[in-house]
Amino acid sequence: MAAPQTIVRELGASVGRSVTIRGWVEHVRVHGRVAFLVVRDGTGLVQGVLLRKQLSAEAWELGCALTHESCVAVTGSVQEDARSPGGYELLVEDVRLLGASVDFPIQPKEHGVEFLLDYRHLWLRSSAQRAGLRIRSEVEKGIHDFLHERDFVRIDTPILTGAIGESAGTLFETEYFGERAFLAQTGQLYVEAACPAFRKVYCFGPTFRAEKSKTRRHLTEFWMLEPEVAFADSDDNMRLQEELVVYLVGRTLERCSGDLEVLGRDLSALERIQAPFPRVSYTEAVEIVREAGSDTRWGADLGGADETRIAEHFDRPVFVYNYPKGAKAFYMKENPDDPRTVLCNDLIAPEGYGEIIGGSQREDDLDRLTARIDEEKLPAEAYGWYLDLRRYGTFPHSGFGLGIERFTAWMTGRPHIRELIPFPRLMNRLTP
RNA sequence: UGGGGUGUAGCUCAAUAGGCAGAGCGCCUGGCUGUUAACCAGGAGGUUGGAGGUUCGAGCCCUCCCGCCCCAGCCA
């Protein structure tokens with residue numbers, strides 16, 4: 001008589017009955033005539049209790065010899081027991097080995113980062129990694145739900161592109177049937193093209209930057225959300241960002257409290273995140289950081305240390321808006337009230353997580369956009385189709401980019417964004 | 001690319017002032033009926049990142065090279 005299969009999360013429905021759980025061994029502790037076997041099945045942890053005199057010799061020997069991360073099927077009757085990690089326990093009747101695991105490299109102890117990244121394919125199984133990646137998944141789902149509720153249409157933009165993007169030099173180059181091609185570093189120009197078709201659009205996907213950055217906030221391949229909204233000005237743009245961030249924080253607190261607890265996240269820091277977020281102009285920001293000891297001068301971009309100084313003034317994310325033209329990309333719209341600046345914003349996360357969003361109102365005037373492309377010495381021919389968007393029914397519009405890993409690193413409180421993507425691509429790491 | 005740090009057992013780390021290369025974890029053997037990273041006893045496990053140099057003697061000092069970490073720049 002075979003016991004029915006179930007999953008750990010649903011064990012409560014089977015108290016007093018025999019069931020079979022399939023999963024991976026986290027621990028075995030043998031005490032002579034009793035042994036404890038902790039199994040993870042992807043929905044939770046359950047402890048199996050093996051009593052020598054109640055098992056066949058084969059099952060007892062097998063159970064005691066199980067090694068870390070072996071895949072097993074454990075059959076036993078379900079008991080409620082507070083001493084068990086998940087609240088339920090299996091009084092084991094039989095154990096079958098489905099897949100052996102010999103000398104699993106990762107132990108339940110401290111390891112160095114390099115070692116763990118070499119074994120990233122196995123590190124994913126550990127509790128903090130599971131929690132962080134589950135929160136990432138929930139953030140991604142939240143993004144889609146939020147935008148679809150607001151009538152956005154998702155536009156999937158190309159990853160292989162000809163020469164186009166914000167700037168050359170940070171693009172990964174490849175070959176495309178004899179032609180030079182690049183991996184996309186933004187989908188923005190394409191969502192701008194789709195904007196007149198659907199009014200509110202967004203793209204969500206991987207982007208690639210060949211920047212030789214070695215900081216806790218950079219990856220060479222990362223995922224980005226980029227909404228684009230017709231008839232939205234820079235203020236509308238910031239309101240949308242604010243609404244989205246408040247929504248995602250609230251949803252993470254609501255749906256991922258167990259994962260946040262595993263990670264030891266300070267929940268009060270997240271509970272404070274409510275609209276409205278403070279807004280300071282770039283010019284005010286420069287004054288703030290100079291008073292705090294920075295030697296940043298008006299006209300230069302704010303550095304990471306400056307961002308931290310600004311964030312320290314507030315207990316929630318801060319908008320810094322209208323940067324000098326020279327510090328920002330060619331497609332941003334000139335500020336009519338101060339032509340030295342452009343209509344744009346960064347959103348700086350608290351607790352030193354830095355810039356999680358960069359957004360702007362786009363330049364919709366054909367002549368000014370062409371002039372900016374010349375000023376930046378960009379190859380005008382590569383932007384032919386982009387300029388068409390200003391030739392055929394140009395319209396005010398705004399959008400932004402939100403970095404998924406940076407956002408999730410802030411949600412989870414992890415110090416480095418490399419843990420918040422399943423297989424990070426860093427300057428010196430292409431495998432696993 | 002610049003600044004700072006680091007590299008010793010499978011992993012995490014010690015090693016007085018230049019003087020016999022160690023511990024914990026993991027692994028192997030044995031013991032234990034309620035463990036929570038169990039505990040107790042025993043065992044195996046090393047070209048100290050690489051090359052050269054100084055010295056009676058180098059894990060330690062010097063030169064060059066390599067890997068990694070942190071910070072800065074670039075950005076999301």
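A note on names: the letters A, B, ... follow the listed sequences, proteins ahead of strands, and every chain is numbered from 1.
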N or O in side chain of [X] less than 4.0 angstrom from [N] OP1/OP2:
| X | N | answer |
| --- | --- | --- |
| A/Arg216 | B/C71 | yes |
| A/His27 | B/A38 | yes |
| A/Arg418 | B/C70 | yes |
| A/Asn428 | B/C68 | yes |
| A/Arg406 | B/A76 | no |

Please report the distance separating the [atom1] of [N] from the corresponding atom of [M], rounded so that it comes out in whole Å.
| N | M | atom1 | result |
| --- | --- | --- | --- |
| B/C13 | B/G18 | C1' | 22 Å |
| B/G31 | B/A14 | C1' | 31 Å |
| B/G3 | B/U12 | C1' | 28 Å |

Contacts of type side-chain hydrogen bond (donor to acceptor under 3.5 Å, both in side chains), residue [X], not counting sequence neighbours:
| X | answer |
| --- | --- |
| A/Asp346 | A/Tyr323, A/Lys328 |
| A/Thr308 | none |
| A/Lys200 | none |
| A/Arg429 | A/Asp118 |

In this structure, which stretches of RNA chain B are paired as stems of three or more consecutive Watson-Crick or G-U pairs, both distances less than 3.5 Å?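 Correct response: B:1-7 with B:66-72, B:10-13 with B:22-25, B:27-31 with B:39-43, B:49-53 with B:61-65.
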Looking at the side chain of [X], which of [options] is the nearest nucleotide?
| X | options | answer |
| --- | --- | --- |
| A/Phe222 | B/U33, B/A76, B/U35 | B/A76 |
| A/Arg209 | B/U35, B/C74, B/A76 | B/A76 |
| A/Glu211 | B/C70, B/A38, B/C75 | B/C75 |

Residue that, paired with A/Tyr202, satisfies side-chain hydrogen bond (donor to acceptor under 3.5 Å, both in side chains) out of A/Arg154, A/Glu226, A/His148: A/His148
Describe the nucleic acid contact of [X] in one word from base, sugar-phosphate, nothing, applying a heavy-atom distance below 4.0 Å.
| X | value |
| --- | --- |
| A/Gly354 | nothing |
| A/Glu221 | nothing |
| A/Glu405 | nothing |
| A/Ile357 | sugar-phosphate |
| A/Thr207 | nothing |

Could you note down all residue pairs passing salt bridge (charged side-chain N to carboxylate O under 4.0 Å, His left out) where residues 35-49 of chain A supplies at least one of them, sequence neighbours left out?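 Found A/Glu26-A/Arg40, A/Arg40-A/Glu69.
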Along nucleotides 39-48 of chain B, 5' to 3', which nucleotides get a B, which get an S, and which get a -, given that the test is a protein heavy-atom distance under 4.0 Å? ----------
Near-strand residues of [range], defined as heavy-atom separation under 4.0 angstrom from RNA chain B:
| range | result |
| --- | --- |
| residues 34-45 of chain A | A/Val34, A/Phe36 |
| residues 99-125 of chain A | A/Gln107, A/Pro108, A/Lys109, A/Glu110, A/His111, A/Gly112, A/Glu114, A/Phe115 |
| residues 55-72 of chain A | none |

Could you check A/Arg429 against A/Asp81 and say which one's nearest nucleotide on RNA chain B is further toward the 5' end?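 It is A/Asp81, whose closest nucleotide lies nearer the 5' terminus.
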When the nearest nucleotide of RNA chain B is assigned to A/Ala327 and to A/Lys53 on a heavy-atom basis, which residue is associated with the more 5' position? A/Lys53
All pairs passing ring-ring contact (aromatic ring centres under 6.0 Å, His included) where residues 58-78 of chain A contributes a residue, at least two apart: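 Only A/His68-A/Phe104 qualify under ring-ring contact (aromatic ring centres under 6.0 Å, His included).
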Over how many whole Å does the gap from A/Leu50 atom CG to B/U33 atom P extend?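 It is 15 Å, rounded to the nearest whole Å.
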A/Thr412 OG1 to A/Leu263 CG distance, which is reported to the nearest 0.5 Å: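 Those atoms lie 6.0 Å apart.
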Salt-bridge contact A/Arg290-A/Asp295 (side-chain N to carboxylate O under 4.0 Å): no
Show me, pair by pair, the donor-acceptor contacts under 3.5 angstrom made by side chains of residues 51-58 of chain A, not counting sequence neighbours?
from: A/Arg52; atom 1: NH1; to: A/Gly32; atom 2: O; distance (Å): 3.3
from: A/Ser56; atom 1: OG; to: A/Ala59; atom 2: N; distance (Å): 3.0

